[in-house]
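Have a look at the structure below, then the notes.
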Amino acid sequence: MWFWLSLIALLCWSGSDLFSKIGCRDEDDRLSHLKMVMAVGIVMGLHAAFEIFVGGTEISFAIILTYLPVSLLYIGSMTLGYLGLRYIELSVSSPICNSSGALVAVMTLVFLGGEDYSPLAIFAVLLVCVGAIGLGVVDATEDPELRAARQAEGNRKYAKSFLALALPVAYCLLDAAGTFADNRVLETLTAQAFDSGRFATLDECADHAAASANCAYELTFLFAAVVCFVYVVLIRRDRLIPKKEAPKYLGAVCETAGQFAYIYAIADTEHLAMSAPIISSYCAASVLWSRLFLKEKLSWKHYAMIALVVVGIAIMGVFDL
């Protein structure tokens, strides 16, 4: 079962990348990224309601407040990521965004030491960092005429700009900070569950903390969706056209379904060393979908850097859990 759940997570998260790109790439819609936040927040809010009222997950204002800094980092990173999809190819954006795992490893090495990392794991981190930085350098230094020629097939033109690369990099930084903080906050919630005396083992405390934290995140995302709705629809008087909004909601469903499959895939601890690399490499599928469905075409230098990122992420997945 772990294998199929891992594939579902990979397909769903890469599908989220694809549909989010389709939903946010309209250059004339300056608020598309906020509409994407609305879509994800609504779907996550529905999932949170199911987990709370059907699954029995415990949630309180105190838990939401404790997890709030992590939620804001994640939501902020995703919002910037959606904004960036308007200015750059998904083939370039997705690998850079997915380099956040390597950045977390770097932060861990700097602040907590690297005693738990093997030489191969450190090599994987180096591969991802070199690939992500190299991808940005290749894209920023590409000849404008060559860029225009390779983009002609997709019938979309992306000019070189600082903003185009800065947004996925900002996503990477915020997502890495969120992941790093996530671990610290989950330790706090687990300790609180242990102190309550309601759970028999530490593993039960950790599972309780993770479920509550996930619901807190989804409810915070729902609140962000409400704020975006007020701004977009009531203040800016922008219209929500169903045909244009449909891809956003497909992306939101894929994002939430991928998270759900991921949780159960990694729960099978006997096969973590195989499931983690499969899921971690979903950006490779995102690049494939962008080539097949969006007709994005990159240079061999782009693909060489993407290969470094994908290989590094796959190796890191083995040591991630």
Side-chain angles (χ1 to χ4, degrees), residues 2-18 21 77 81 84-85 88-110 114 116-142 150 165 168-169 171-173 175-176 179-180 258 261-262 265-266 268 271-294 296-321:
W2 68 268
F3 177 75
W4 297 110
L5 288 170
S6 299
L7 283 184
I8 290 172
L10 180 149
L11 292 173
C12 285
W13 275 344
S14 62
S16 177
D17 276 355
L18 174 64
K21 172 63 175 177
S77 68
L85 291 174
I88 195 170
E89 293 100 328
L90 176 61
S91 306
V92 177
S93 174
S94 183
I96 293 177
C97 290
N98 278 276
S99 300
S100 59
L103 188 56
V104 171
V106 172
M107 293 170 67
T108 303
L109 289 171
V110 172
D116 296 331
Y117 285 84
S118 70
L120 182 58
I122 294 176
F123 174 69
V125 172
L126 182 63
L127 277 181
V128 175
C129 292
V130 170
I133 295 172
L135 190 58
V137 172
V138 168
D139 198 66
T141 58
E142 186 178 22
R150 69 174 176 79
L165 286 172
V169 169
Y171 171 100
C172 178
L173 293 172
D175 187 66
T179 303
F180 189 78
Y262 167 79
I266 64 173
D268 187 346
H271 298 96
L272 279 178
M274 290 177 282
S275 62
I278 293 174
I279 300 170
S280 298
S281 302
Y282 79 88
C283 66
S286 298
V287 174
L288 176 62
W289 305 150
S290 67
R291 182 69 183 94
L292 292 177
F293 299 110
L294 303 179
E296 293 181 359
K297 186 177 180 181
L298 303 180
S299 69
W300 70 267
K301 294 179 181 179
H302 284 91
Y303 286 120
M305 295 301 105
I306 289 172
L308 290 180
V309 173
V310 172
V311 170
I313 290 175
I315 295 174
M316 281 171 49
V318 176
F319 299 94
D320 185 44
L321 298 165

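When reading the values below, keep in mind they use all heavy atoms of this one structure, side chains included, and skip hydrogens, waters and symmetry mates.
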Check residues 302-314 and write down every donor-acceptor pair under 3.5 Å in which the side-chain atom is one partner and the other belongs to a residue at least two apart or another chain.
| from | atom 1 | to | atom 2 | distance (Å) |
| --- | --- | --- | --- | --- |
| H302 | ND1 | S299 | N | 3.4 |
| H302 | ND1 | S299 | OG | 2.6 |
| H302 | NE2 | D139 | OD1 | 3.1 |

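If you take OG on S99 and CG on D175, they are separated by 10.5 Å, rounding to the nearest 0.5 Å. How far CG of L135 is from OG of S93: 9.5 Å, rounded to the nearest 0.5 Å. Residue K21 holds its NZ atom at 12.0 Å from OG of S286, rounded to the nearest 0.5 Å. Expressed to the nearest 0.5 Å, how far CG of L11 lies from CG of L18 amounts to 11.5 Å. We find the CD1-CG distance between I96 and L165 to be 5.5 Å, quoted to the nearest 0.5 Å.
Nearest heavy-atom pair across N98 and C283 is ND2-CB, 3.4 Å. A9 and G258 make their closest contact through CB-O, 3.8 Å (heavy atoms, listed as atom of the first residue, atom of the second, distance).
Considering only heavy atoms from C-beta on, I122 stays 4.5 Å or farther from L126 through its side chain. At a threshold of 4.5 Å between non-hydrogen side-chain atoms, the residues W289 and L90 do not count as touching. When side chains are defined from C-beta on, S100 counts as touching C172, because their heavy atoms get closer than 4.5 Å. Residues V92 and V138 form no side-chain contact, since every pair of their non-hydrogen atoms from C-beta on lies 4.5 Å or further apart.
S91 meets the side-chain hydrogen bond (donor to acceptor under 3.5 Å, both in side chains) test with S290, E296; sequence neighbours excluded.
For the 3.5 Å distance criterion, the side chains of D17 and Y282 fail to qualify, holding no donor opposite an acceptor.
Under a 3.5 Å cut-off, the side chain of S16 and the backbone N or O of C12 do not form any donor-acceptor pair.
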